[in-house]
Amino acid sequence: MAHDYRELAAVFAGGALGSLARAGLGTLAAGDPAKWPWPTFTVNVVGAFLLGYFTTRLLERLPLSSYRRPLLGTGLCGGLTTFSTMQVETLRMIEHGHWTLAAGYTLASIVLGLLAVHLATKLVRRVRIRG
């Protein structure tokens, strides 16, 4: 099986950019299990929006490309979002007795993430294709 190293490079480049953006935002606030984790929440909702936008635009509006989806979807959005950190933060909230905060954070992350994907998809589809 032959590997497409250009595709792997696209994932790597996008992942590096996404991870740097997330790390930069993460340095703005230290994790406190008694407070809403805004950096993680923000990157996950923004990442969900971007993933909805890129996926819809790349699949429905642009010519096929071997490198756009790996660069933007898998790489950039995969590096930017951090649902594993969300899970760790939620567990820390529970461990410290902040059950309501943990439930609200989990519910808001899932609901707003799905709404962000839906909104991005609608926005892309609203723009007429020039022909």
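Position 1 is the first residue of the sequence, and the numbers go up from there. Since we're looking at a predicted model, the values are computed, not measured.
Considering every non-hydrogen atom in both His98 and Pro33, the closest pair reads CD2-O, 3.2 Å. Pro70 and Glu7 make their closest contact through CG-CG, 3.5 Å (heavy atoms, listed as atom of the first residue, atom of the second, distance). Closest approach of Val45 and Gly113 over heavy atoms only: CG2-N, 4.4 Å. The minimum heavy-atom distance between Glu60 and Arg125, with the atom names listed, is OE2-NH2, 2.6 Å. Summarising the geometry of Gly104 relative to Trp36, their closest heavy-atom pair is O-CH2, 3.6 Å, with the distance given to 0.1 Å. In this structure, Ala120 and Gly52 approach most closely via the heavy-atom pair CB-C, 3.8 Å.
Within the 4.5 Å cutoff, the side chain of Leu123 has no heavy atoms near those of the Val127 side chain. Side-chain contact check for Leu71 versus Leu76: every heavy-atom pair is 4.5 Å or farther apart. For the pair Phe54 and Arg68, the minimum side-chain heavy-atom distance is 4.5 Å or more. Side chains of Met86 and Thr81 form no contact here, defined as non-hydrogen atoms less than 4.5 Å apart. Side-chain contact between Phe49 and Val117 is absent, with no heavy atoms from C-beta onward closer than 4.5 Å.
Around CZ of Phe12, the count of heavy atoms belonging to other residues, nucleotides or ligands within 6.0 Å does not exceed 12.
Side-chain heavy atoms closer than 4.5 Å link hydrophobic residues (I, L, V, M, F, W, Y) into clusters, and following such links, even through other members, never connects Leu107 to Ile110. Leu17 and Leu8 sit in two unconnected hydrophobic clusters of ILVMFWY residues. Membership requires side-chain heavy atoms under 4.5 Å apart, directly or through other members. A continuous path of hydrophobic side-chain contacts links Tyr105 to Trp38 [ILVMFWY only; heavy atoms under 4.5 Å].
With values rounded to the nearest 0.5 angstrom, Leu91 atom CG is found 10.0 Å from Met93 atom CE. Leu51 contributes atom CG, which lies 10.0 Å from atom CG of Leu72 (distance to the nearest 0.5 angstrom). Within the model, atoms CD of Glu89 and CZ of Phe83 stand 11.5 Å from one another, a figure rounded to the nearest 0.5 Å. Considering OG1 of Thr82 and CZ of Phe41, their distance stands at 14.0 Å, rounded to 0.5 Å. Here the CH2 atom belonging to Trp99 is positioned 11.5 Å from the OG1 atom belonging to Thr90, to the nearest 0.5 angstrom. Atoms CZ and CG, on Arg92 and Leu101 in that order, are 11.5 Å from each other to the nearest 0.5 Å.
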| message | Show, in sequence, the C-alpha distance, side-chain angles and deciding distance for Leu59 and Arg69, and conclude whether the side-chain contact (heavy atoms from CB on, under 4.5 Å) test is met. | response | CA-CA 9 Å; Leu59 291 176; Arg69 280 181 42 199; 3.5 Å; yes

